[in-house]
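Step one of this worksheet: look at the structure below.
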Amino acid sequence: MTIWRLLDTGVKSAAENIALDYALLQTRAKDCSANTVRFLQFNPPCALIGFHQTIEQEIRTDFCNENGIDINRRITGGGAIYFDATQLGWEVIASRRDFGNISIHELTEKICNAAASGLKRLGTNAEFRPRNDIEVNGKKISGTGGVFDGEAFLYQGTILVDFDAEAMLKALRIPTEKLTAKGLSSAKERVTSVKAELGYLPSLDKIKDALIAGFAEAFSIKLEKGGLTGEELSLYNEKIEYFKSKKWIYSVQEPSDKMQMVYSVYKKDGGLIRVNLKVDVQRQIMKQALITGDFFINPPRFILDLEAALKDASVESVITITENLFDKMKPEMLQLSKYDFIDSIRLATEKLSYQKFGISLSDAGSVFLAGKSLTESLKEVGALLLPYCAKPPECDYKNIDGCSKCGLCSVGDAYKMAEEKGLKPITITNYEHLKNTLHSLKEDGVKSYIGCCCEAFFIKRHEAFAEADIPGVLIDIENTTCYELKKEESAYKGDFQEKTELKIDLLKKLFEVRNSL
């Protein structure tokens, strides 16, 4: 039986572990070391981007710096990952020749299946999920990635043993519905850990033994403990300072506007769909998709398959890909249809076109549509609806329709703009007033409206916008909302006393778009 080296390098910093990766791969590429399975851990916690990624687009550096989280770049490809001391890293450093020169896809599947086999020995239902994840019942427990150097390769993964999900989500720029409490909760539901699956925390030795058995069986090898060779140690010492340097960590930098997020929220009686898309704007390529919400679909993993299918697709092809996957897999749904998912994705991708009107993608994320497209709605706008909560508590007009335009709040600015553009400004004082106003606008022949409200209100009270059957363009508001303060009932009645802010600059942009149509 073929003997491989088992290398356990213990706990090291991000730079130290990456320098070791480099040394192990380089020596294996020169046939100066044996095929190896390595275990590794990280301390302090770290956020690691893939070799081809940029820090600016993948890492929340402020959060990391404030919380003592190292930032570094891997020598392997793939996406950004978060490592803390509770997680266990594993690596396979070997020659491709010893696997029969199979394709990268076949090699990925073989190694991931081996790691999954090890996790199964612990009692989890771990399985390989294409392209390069290991999951348990649809939840990710290990992300993986690799790099080649000639015939040699280094393929690595991380086992989520017991981890701080919130720290991970805040350290990485993962699309998580603006990191609201609901967004965090939704994202947490997509990952799992050994502790969560087993109900207890097994020792690291037990987890390592299970993985060793999985790799040994899958590769038909025997693993024997060993240490670093002199050449590996020498190369490590030579390169450690480089892998600590900004020259390495920031070695790939892209224009700040090259990779951007587009976001949509789609509400229907059958459920709520949120779509977050990370787009390489310059190349018009979809880099990441996150589809969440309140809906029933069977099998549940269909959404994960859809996200995987959209990754690295051209923007112009995402609708076709989505429709084809629905037609191929025919998932079951309650009340929603494939067209609802298609429309929710289209709403997000259409926001890329807002840039031609001078609306940034970050501002586009604050625009919600009730009915027609942006341009169709803006062409015939006849009214501007404003929330009473944007008026100061001491304002005489706080809870009534009207405004003195005293200049002490953003509502006055909005009233002035509306009147200059020939629109009728209306302060919405409560939910019933909104319903009655929309009904009256419809009866008066108003074709469409612009409104300002928080996203939570748009979602929660969507039936009012839908039942009115009049197109609208809604703009999210600034500051803490009644939903975040848990004062929704007082806001519903018109008694909310906190002050929010309108996005006046974005409102001005929409008026400019209207004038240009």
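Please read these numbers as outputs of a predicted model, since none were measured by experiment.
For the residue pair Ser317/Thr320, the side-chain donor-acceptor check at 3.5 Å is not satisfied. A donor and an acceptor atom, one from each side chain of His105 and Glu109, are nowhere located under 3.5 Å apart. Judged by distance alone, the side chains of Thr158 and Gln87 do bring a donor and an acceptor atom under 3.5 Å apart.
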(request) Step by step, work out the side-chain hydrogen bond (donor to acceptor under 3.5 Å, both in side chains) result for Lys503 and Ser366. (result) CA-CA 9 Å; Lys503 294 191 173 184; Ser366 297; 2.7 Å; yes
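For Glu307 (side chain) and Ile291 (main-chain N/O), a donor-acceptor pair under 3.5 Å exists by modelled atom type. A distance-only check finds no donor-acceptor pair linking the side chain of Lys140 to the backbone of Asp133 [under 3.5 Å]. With hydrogens and angles disregarded, no donor-acceptor distance shorter than 3.5 Å links the side chain of Asn67 to the backbone of Ile69. For the pair Lys330 (side chain) and Asp327 (backbone), a donor-acceptor distance under 3.5 Å is present. Formation of a donor-acceptor pair under 3.5 Å by the Arg60 side chain with backbone atoms of Leu169 is found in this model. Between the Lys447 side chain and the Gly382 main chain, no donor and acceptor come within less than 3.5 Å of each other. Thr144 contributes a side-chain N or O that, together with a main-chain N or O of Asn132, makes up a donor-acceptor pair within less than 3.5 Å.
Side-chain contact between Ile450 and Leu385 is absent, with no heavy atoms from C-beta onward closer than 4.5 Å. Within the 4.5 Å cutoff, no side-chain heavy atoms of Arg461 are placed close to those of Lys435.
With Thr427 as the fixed residue, the side-chain contact (heavy atoms from CB on, under 4.5 Å) test singles out one of Lys398, His433, Lys391: Lys391.
Taking the six-membered ring for Trp and the full ring otherwise, Phe326 and Phe302 have centroids separated by under 6.0 Å.
For Lys379, the NZ atom counts as loosely surrounded, since its 6.0 Å shell holds 12 or fewer non-hydrogen atoms of other residues, nucleotides or ligands.
A salt bridge links Glu58 and Lys278; the closest N-O separation between the charged side-chain nitrogens and carboxylate oxygens is under 4.0 Å.
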